[in-house]
Amino acid sequence: MAPLRSAVRPAQNTPLLRRAFSSSLRRDATWGFIGLGQMGFFMAKNLRAKIPAEDTLIIRDVNEESTARFVSETSEVAKSSGAGDKVVIAQTARELAERSTVIITSLPGPQHAKDVYHSMLRQGELPALEQERLFIDTSTIDPASSKEIANAIHTTGQGRFVDAPVSGGVVGARAGTLSFMFGASSQTGQLLDRVRSVLAHMGKKSWHMGAPGAGVSGKLANNYILAINNIATAEAMNLGIRWGLDPKALAELVNSSTGRCWPMEVNNPVPGVVETAPASRGYEGGFGVSLMNKDLRLAITAAEESQTHLALADKARGVYNAVEEEHRGKDFSVVYKWLQDHSH
Ligand code: NAD
């Protein structure tokens, strides 16, 4: 088995392997986190800060710059708190899975998630640890891919898989105030308690939505609304402004009326209306238009699989395709700017 690369040298008398395979009665003493992107980076940081100092966190990302930055930021904190060597970089997802009792993933889309889980499982059975492995995928993917991963784990008896996508964005990830919606096969006791206690390290709320796949279904339903509300808000603001209305007054009116919604109230697409919104800083940061478009595509695919008619989906998809083409990398509220540019 290839050795794990320790970020800071382990103490001489506590080699990593002894630590990872310890028969200690403490639960979840070795944690794995894969995908240190916009969301995962902060989720893993909060996890590291909230688990006991003596626990080990093993991290993995294909982006070496992210892993190096994570190690440097967490070792600063460890030094100042007097904690020891507790962040370790794995060279592969398989290495991480071999040693971790809880494995959390935060990956861009379905193919990334399937590839990572496949690479954890494909080299035969994972070695048994003192506690059953718990895999938690927090990525927004489609229910079919998520169930495929759950099946691969459950049918080979390699642990429990839970889909637990998040809501709350980068701001919530950083503050540790995310909401999770999760799918897990057990309706009772232990597994749900264990999942909730893990998620509590990274967020404030968690909803058990039902069987595996139910978490991502809930997430896609929510984001379908978000995709449409965002376009409607941008259109209504553009319309109102062109009619001569004051944008702040219009937003205030709507936020006290039946049109109230998150894009109008929190993520207003017109620069200057909400100072903290991405629109007020050149549409930088926030929820990328490509991620919104991906979620809309996943919702449409999942709707087709369940033979459910969506009246607005194709139109919305056309909008996000066009906006993504012109404003890739910007917050999805940039739809407003696109509308402005295309109004004569
Ligand atoms: P991101 O693209 O910033 O991060 C993904 C990370 O995964 C990157 O660091 C990438 O290098 C890493 N990665 C990709 N393939 C890998 C592999 N094979 N092995 C290891 N690492 C790999 O994405 P994000 O914004 O952090 O979002 C993560 C997930 O959370 C997505 O599914 C997204 O839809 C969802 N989400 C994002 C937001 C948001 O506001 N950004 C909000 C809610 C949900």
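Quick caveat: nothing in here was measured; it's all calculated off a predicted structure. First listed ligand is number 1; within each ligand, the first listed atom is number 1.
- Listed by chain and residue number, Ala303, Ser306 satisfy the side chain to side chain contact (heavy atoms under 4.5 Å, CB included) test with Thr308 (two or more places apart in sequence, or in another chain).
- Under a cut-off of 6.0 angstrom, the local environment of CD in Glu325 is sparse, with at most 12 non-hydrogen atoms contributed by other residues, nucleotides or ligands.
- Looking from atom 4 (O) of ligand 1 to the surrounding protein, the closest heavy atom is Gly37 CA, 3.2 Å.
- Residues Asp142 and Leu220 share a closest heavy-atom pair of CA-CD1, 4.2 Å.
- Between Leu107 and ligand 1, at least one pair of N/O atoms sits closer than 3.5 Å.
- Considering only residues two or more places apart in sequence or on other chains, Ala277 meets the side chain to side chain contact (heavy atoms under 4.5 Å, CB included) condition with Val274.
- Under 4.0 angstrom from ligand 1, the non-hydrogen atoms of Val116 all belong to its side chain.
- Every N/O-N/O distance between Gly35 and ligand 1 stays at or above 3.5 Å.
- Of the protein's heavy atoms, none falls inside 4.0 Å of atom 23 (O) of ligand 1.
- In this pair, Phe287 and Phe332 present their aromatic rings perpendicular. The plane angle is above 60°, beyond the 30 to 60° band.
- For Asp61, a nitrogen or oxygen atom sits less than 3.5 Å from a nitrogen or oxygen atom of ligand 1, counting backbone and side chain alike.
- Inclusion of Lys294 in the set of residues having an N or O under 3.5 Å from an N or O of ligand 1 is warranted.
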